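Note sheet for the following structure.
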2 protein chains.
Amino acid sequence: MTDAAAVSTFQEDLKKRCSTCSLRHLCLPLGLDSDDIKRLDDIISQRRKVPAGQHLFRVGDSLRSLAAVRTGFFKVYELGADGREQVSGFQTEGDLLGLDAISGGAHRGSALALVDAEVCAIPFDRLEGLLAEMPGLQRRFHAILSGTIVANQTLMMMLGTMRAEHRLATFLLDLSARLGARGRSPTLLHLPMSREDIGNYLGLKLETVSRVLSHFRDQGLIKVAGRTIEIRRIDALRALVSGVLRH
Amino acid sequence: MTDAAAVSTFQEDLKKRCSTCSLRHLCLPLGLDSDDIKRLDDIISQRRKVPAGQHLFRVGDSLRSLAAVRTGFFKVYELGADGREQVSGFQTEGDLLGLDAISGGAHRGSALALVDAEVCAIPFDRLEGLLAEMPGLQRRFHAILSGTIVANQTLMMMLGTMRAEHRLATFLLDLSARLGARGRSPTLLHLPMSREDIGNYLGLKLETVSRVLSHFRDQGLIKVAGRTIEIRRIDALRALVSGVLRH
DNA sequence: TTCGCACCTTGATGTAGATCAAAACATAGC
DNA sequence: GCTATGTTTTGATCTACATCAAGGTGCGAA
């Protein structure tokens, strides 16, 4: 930090390092000590900007690097046997992209930037090497993989057993919690995705999404202004999800 | 193998070893060389029988070991916020159970033996140690975790976008392929689960499952005799799934 | 063999959400 | 500013599947 060469590129360096990244308590480095994070820094050299509307990767692309979202928002979607699209998730700061490509070596879905985004590329072969040497990183990586499985099971639960209102309430609460964990307001949400994307993710049509949101608005649970949604009675949303308000 | 002590327990040993296990080309050891499999053998000491109708683990149980299914069939299900059940998968020979518990340390779902079953217990802490030392095993383990994510995405696709007939056809084809990979008949299926379990897994009611199966039978696609189903026109089922037969 | 019980099938009816349609609202370009 | 284009809202109608209901089937126990 104090030698001449480092100073000359101080700005870039500061931005590129996990050590100083504001997301290090969410992302891959979570739980690592500073020595370990420095070793992780060594393999994460590349940042990549992805403008809104562009793909980070597409189905069939081979996996070279996992990507950690630095800023922005992605939707990942797959194409079914009959060509229909299914959104499998929305990823934002600190989330990892590309985990589904580890088995098979090629991406199973496409990742589209919903807003201007930036990602850190994590070369997968070098990560594998580091995992073997760093037990803490290995545990963290397995926790992320397992956590992805758990998140998908939550979604399966929604798609399999919940009605439209419960799905939307769960969606809003999940988004609220995730934004909250990232230091954003947990009640004032700026949705980066369309009603159609939300519907696709939740197994609903866009009209149904719109109707349910209007219904929540009429009940005073939320305030809707286009893609900006303010949660006004988060407790009522929670009660709805937990089935207290059956109707 | 040739010393006196080993000979005395030859039968048990033979049964307990991955090295000689008929599932080693499906299960965790897939792709490992014989030296590596021997090291894996060392940490997998326990077999456990689980009679039909009993749980291997329940929600909240802490994770000590992953379990590899040796024989039998399990269903894994979770309970939602409102208490409703969602079957997240059916596991059989060579499948790993407990992956969702790695993040969080406790099981998120319950695993129920649908028929008499036997599993190999894989102590997770010892597995972690071995992963760090054996690159091949690490790759295999990551492929399994990633493959579970991919399998769940397929299910999400079904739940989110497919109609009842497509879901059932996909279910039958998936089961057929899995049994085929295990050396069983890919056309004569003995379902270990009830219509209700199938329906829950697919996001349908048991009556709908029954009706769709009857419909397939009437079309000559399958033969139904209780839980025994014979696939007669697998090509037609595939065509249905791929959307060729839209109607 | 018969009983009891759990599971499955089939039919009649109801309904949540899809589909069809159109108007209101943004947002971007000119 | 106005026009064009995509997104969202709201309404009317339709439908795939759920729900309710009644028999049928198979299997273990006595």
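The chains referred to below are lettered A, B, ... by the order of the sequence lines, with proteins before strands, and numbering in each begins at 1. The structure displayed is predicted, hence computed values, not measured ones.
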Presence of R227(B) side-chain N/O under 4.0 Å of dG26(D) phosphate oxygens OP1/OP2: no
- prompt: Do other residues, nucleotides or ligands put more than 12 heavy atoms under 6.0 Å from the CZ atom of R184(A)?
  reply: no
- prompt: How many Å lie between CD1 on I222(B) and C1' on dT9(C), as a whole number?
  reply: 13 Å
- request: Could you tell me whether the phosphate oxygens of dT10(C), OP1 or OP2, come under 4.0 Å of any side-chain nitrogen or oxygen in S210(B)?
  value: no
field: Rounded distance in Å - CG (L213(A)) to C1' (dG17(C))
entry: 15 Å
- prompt: Can we say D95(A) and R70(A) salt-bridge, meaning some charged N sits less than 4.0 Å from an Asp/Glu carboxylate O?
  reply: no
- prompt: Should the heavy atoms of other residues, nucleotides or ligands under 6.0 Å from CD of E207(B) be counted, would the total exceed 12?
  reply: yes
task: Identify whether any heavy atom of R211(A) sits under 4.0 Å from a base atom; if not, whether one sits that close to sugar-phosphate; answer base, sugar-phosphate or nothing.
output: base
task: Look at the side chain of T208(B) and decide which nucleotide, out of dT10(D), dC17(D), dT10(C), has an atom nearest to it.
output: dC17(D)
- request: Give a yes/no verdict on a cation-pi contact between K75(A) and F73(A), requiring under 6.0 Å between NZ or CZ and the six-membered ring centre and an angle within 45° of the axis.
  value: no
message: From NZ of K205(A) over to C1' of dC20(C), roughly how many Å is that when rounded to an integer?
response: 13 Å
- prompt: For the atom pair OG (S176(A)) and CG (L189(A)), what is the distance rounded to the nearest 0.5 Å?
  reply: 6.0 Å
- prompt: With a non-hydrogen cut-off below 4.0 angstrom, is R167(B) in contact with a base, only sugar-phosphate, or nothing?
  reply: nothing
Five-pair end axes of the helix from dT1(C)-dA30(D) to dC30(C)-dG1(D) and the angle they enclose, rounded to 10°: 40°
- request: Summarise protein proximity over nucleotides 23-30 of chain C in one line of letters, 5' to 3': B for base, S for sugar-phosphate only, - for none, counting protein heavy atoms closer than 4.0 Å.
  value: --------
task: Check the distance between dG11(D)'s P and H215(A)'s NE2 and give it to me in whole angstrom.
output: 13 Å
message: Atom CD of residue position E85(A) - does it have more than 12 heavy atoms of other residues, nucleotides or ligands inside 6.0 Å?
response: yes
- prompt: Does R48(A) pair with E118(A) as a salt bridge, N-O distance under 4.0 Å?
  reply: no
- line: Whole-Å distance, L206(B) CG to dC17(D) C1', equals 13 Å
statement: Looking only at dA18(D), dC8(C), dT9(D), the nucleotide nearest the L204(B) side chain is dA18(D)
field: Over 12 non-hydrogen atoms of neighbours within 6.0 angstrom of CZ in R195(B)
entry: yes
query: Mind checking whether F57(B) and H107(B) have parallel, tilted or perpendicular rings, split at 30° and 60°?
result: parallel
- prompt: On a plain distance test, is the side chain of R217(B) in donor-acceptor contact with the base of dT10(C) below 3.5 Å?
  reply: no
Sidechain-backbone polar pair: N152(A) side chain, I149(A) backbone, donor-acceptor under 3.5 Å: no
- request: Grab the CE-C1' distance between M162(B) and dC17(D) for me, whole Å please.
  value: 17 Å
Neighbour count >12 (heavy atoms, 6.0 Å) for atom CD, E230(B): yes
message: Quick check on contacts: within residues 186-203 of chain A, what sits under 4.0 Å from DNA chain D by heavy-atom distance?
response: S194(A), R195(A)
field: Ring-ring centroid check F74(A) F90(A), cutoff 6.0 Å
entry: no
- prompt: Does the base of dC20(C) carry an N or O that pairs as donor and acceptor with the side chain of E207(A) under 3.5 Å?
  reply: yes
field: V224(A) side chain, from C-beta outward: closest of dG11(D), dT9(D), dC17(D)
entry: dT9(D)
query: Which nucleotide, dT10(C), dA16(D), dA18(D), lies nearest any side-chain atom of R163(B)?
result: dA16(D)
